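Just so you know, residue 1 is the first one in the sequence shown, and it goes up from there. All of these numbers come straight from a predicted model, not from anything done at the bench. Atoms within a ligand are numbered from 1 in the order they appear, just like the ligands themselves.
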Amino acid sequence: MTVLVFGHSGQVATELRRQAGARDSASGPVSTLARNRVRTLRRDHADLSDPAACAAAIHAHAPRAVINAAAYTAVDAAEGEEARATVINAHAPAAMARACAALDIPFVHISTDYVFDGTGTEARTPADRPAPQNAYGRSKLAGEEAVRQAMAGRGARYAILRTSWVFSAHGANFVKTMLRLSDCRDRLSVVGDQIGGPTSARAIAAACLEIAEQLMDAPGKSGLYHFSGAPDVSWHGFAAAIYAAAGRQVRVDAIPTAEYPTPAARPLNSRLDCSLSTQVFGLTRPDWRRELTHILPSLLPPILTELESPA
Ligand code: NDP
């Protein structure tokens with residue numbers, strides 16, 4: 001039986017593909033679902049701009065579970081094309097949810113810390129009121145509401161998993177940007193007043209598979225959950241940790257968000273309270289420092305050994 005994944009080349013989708021085989025011992029227990037065939041859908045197989053095509057893909061594959069790892073993720077560009085972002089991030093997931101409910105299979109949908117307004121300093125729980133500050137956040141919140149509505153009253157199996165600050169060895173992310181900048185800069189200014197939990201795509205993929213598996217036997221676990229890396233840190237602190245772990249000599253100065261204007265406003269407080277996902281699914285917050293050391297070797301140029309070095 002197949003686990004159908006929307007997305008193929010994205011950070012989380014790539015990790016879901018990798019975890020379809022055996023996982024290394026450092027990555028935690030291998031879920032039963034991970035040992036099933038994971039079928040990822042490229043954009044030309046199922047374009048999320050066409051919600052009906054997404055539902056049709058689910059019916060055609062008749063999978064055991066569905067994970068939506070595809071999304072319109074260009075946060076700044078979304079300011080100029082919110083309608084398109086809303087189709088991809090809300091209408092398509094709603095169609096997926098309806099198809100999953102009809103087939104009575106689990107649906108796991110990934111959402112974001114950007115549904116919150118970023119005020120305060122407390123970690124936000126799934127029960128806290130969302131108030132997105134940008135078009136991307138609004139489209140993702142619309143997706144959450146549409147999925148919940150599609151599942152309502154059907155006894156369906158679903159989970160909406162909010163995560164934050166995703167990084168991995170592939171795709172576009174902060175870790176890769178920092179490493180690239182250090183090739184040509186020895187001093188950088190990085191925002192120091194946005195705080196959140198960097199989360200590895202590997203850990204998100206593993207969490208999605210675990211959740212889908214548990215939903216098969218326990219539909220009552222359906223609902224909204226948070227899952228982010230620990231400990232919480234600022235972008236500045238994350239950048240400094242990346243350079244320390246990579247052995248790069250770069251001076252990183254902390255600046256306030258006000259000194260780094262972007263088209264889309266970012267929440268200052270992105271802390272997510274993940275205790276509900278721990279309580280219900282047994283998930284623990286992955287330590288991003290450990291996850292970082294796992295991916296860095298594949299991102300750094302190989303160190304020449306004595307044998308390989310020119311004489
Ligand atoms: P990526 O940006 O790495 O990948 C997005 C994926 O979505 C790509 O595979 C892309 O396909 C696919 N996609 C985009 N538009 C369409 C479309 N119209 N039809 C089909 N596929 C499409 O995303 P991540 O892996 O980083 O994010 C996974 C999830 O996590 C998303 O739901 C995102 O909102 C959420 N999230 C991400 C955060 C982050 O920091 N990145 C933070 C918090 C939440 P293609 O390769 O063809 O472009």
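- For D183, the CG atom is densely surrounded, since the number of other residues' heavy atoms within 6.0 Å is greater than 12.
- Close contacts between ligand 1 and K140 involve ligand atoms 31 (C), 32 (O), 33 (C), 34 (O) [criterion: under 4.0 Å to a heavy atom].
- Against a heavy-atom cut-off of under 4.0 Å, S9 is close to the following atoms of ligand 1: 9 (O), 45 (P), 46 (O).
- Of the protein's heavy atoms, V166 N, 3.0 Å lies nearest to atom 40 (O) of ligand 1.
- Within the listing of ligand 1, atoms 18 (N) sit less than 4.0 angstrom from a heavy atom of I88.
- For S189 and E259, the side-chain atoms include no donor-acceptor pair closer than 3.5 Å.
- Close approach of ligand 1 to T163 is summarised as follows: ligand atoms under 4.0 Å from at least one heavy atom of the residue are 43 (C), 44 (C).
- Taking the centre of each ring, F167 and F238 come in below the 6.0 Å mark.
- Between the side chains of Q133 and Y114, not a single donor N or O lies within less than 3.5 Å of an accepting N or O.
- Between F281 and Y225, the gap from one ring centroid to the other is short of 6.0 Å.
- Remark: the N173 side chain and the Q11 side chain contain an N/O donor-acceptor pair separated by less than 3.5 Å.
- If you look at T73 next to ligand 1, the close heavy atoms, those under 4.0 Å, all belong to the side chain.
- Residue, atom and distance of the protein heavy atom nearest to atom 18 (N) of ligand 1 are D47 OD1, 2.9 Å.
- Close approach of ligand 1 to A71 (heavy-atom distance below 4.0 Å) involves ligand atoms 5 (C), 7 (O), 13 (N), 14 (C), 15 (N), 31 (C), 32 (O), 34 (O).
- Annotation: atom 3 (O) of ligand 1 to nearest protein heavy atom, Q11 N, 2.9 Å.
- Listed by atom number, the atoms of ligand 1 under 4.0 Å from S49 heavy atoms are 18 (N).
- Residue A70 has no nitrogen or oxygen atom sitting less than 3.5 Å from a nitrogen or oxygen atom of ligand 1, judged on distance alone.
- The CG atom of L283 sits 12.0 Å away from atom OG of S275, with the distance rounded to the nearest 0.5 Å.
- Backbone and side-chain nitrogen or oxygen atoms of L48 are examined, and one is located within less than 3.5 angstrom of a nitrogen or oxygen of ligand 1.
- Ranking the protein heavy atoms by distance from atom 30 (O) of ligand 1 puts I110 CG2, 3.4 Å first.
- Under 4.0 Å is where a charged nitrogen must lie from a carboxylate oxygen, and between R43 and D50 no such pair does.
- Each of the atoms 19 (N), 20 (C) of ligand 1 lies under 4.0 Å from some heavy atom of A46.
- At a 4.0 Å cut-off, at least one heavy atom of S111 sits close enough to ligand 1 to count as contact.
- Near H8, meaning under 4.0 Å from one of its heavy atoms, ligand 1 places the atoms 9 (O).
- Here's the thing with V12: one of its N/O atoms is less than 3.5 angstrom from an N/O atom of ligand 1.
- Here's the thing with A13: none of its N/O atoms is less than 3.5 angstrom from an N/O atom of ligand 1.
- Proximity of Y136 to ligand 1 is established by a heavy-atom distance of less than 4.0 Å.
- Ligand 1 has no nitrogen or oxygen under 3.5 angstrom from a nitrogen or oxygen of T112.
- The aromatic rings of F174 and W235 sit tilted, their planes meeting at an angle between 30° and 60°.
- Considering Y114, Y72, W165 only, the shortest heavy-atom separation from atom 42 (C) of ligand 1 involves W165.
- Side chains of H294 and R202: a donor-acceptor N/O pair is absent below 3.5 angstrom, by distance only.
- Side chains of R285 and S228: a donor-acceptor N/O pair is present below 3.5 angstrom, by distance only.
- At least one heavy atom of A69 sits less than 4.0 Å from an atom of ligand 1.
- A cation-pi arrangement is not found for R248 relative to Y243, the charged atom failing to lie both closer than 6.0 Å to the ring centre and inside a 45° cone about the ring normal.
- Closest to atom 48 (O) of ligand 1, if we only count protein heavy atoms, is R43 NH2, 2.7 Å.
- Looking at atom 4 (O) of ligand 1, its nearest protein heavy atom turns out to be G10 CA, 3.2 Å.
- D273 and T125 share no donor-acceptor pair across their side chains, judged by distance under 3.5 Å alone.
- For A156, the side chain to side chain contact (heavy atoms under 4.5 Å, CB included) criterion is met by A101, M151, R154, not counting sequence neighbours.
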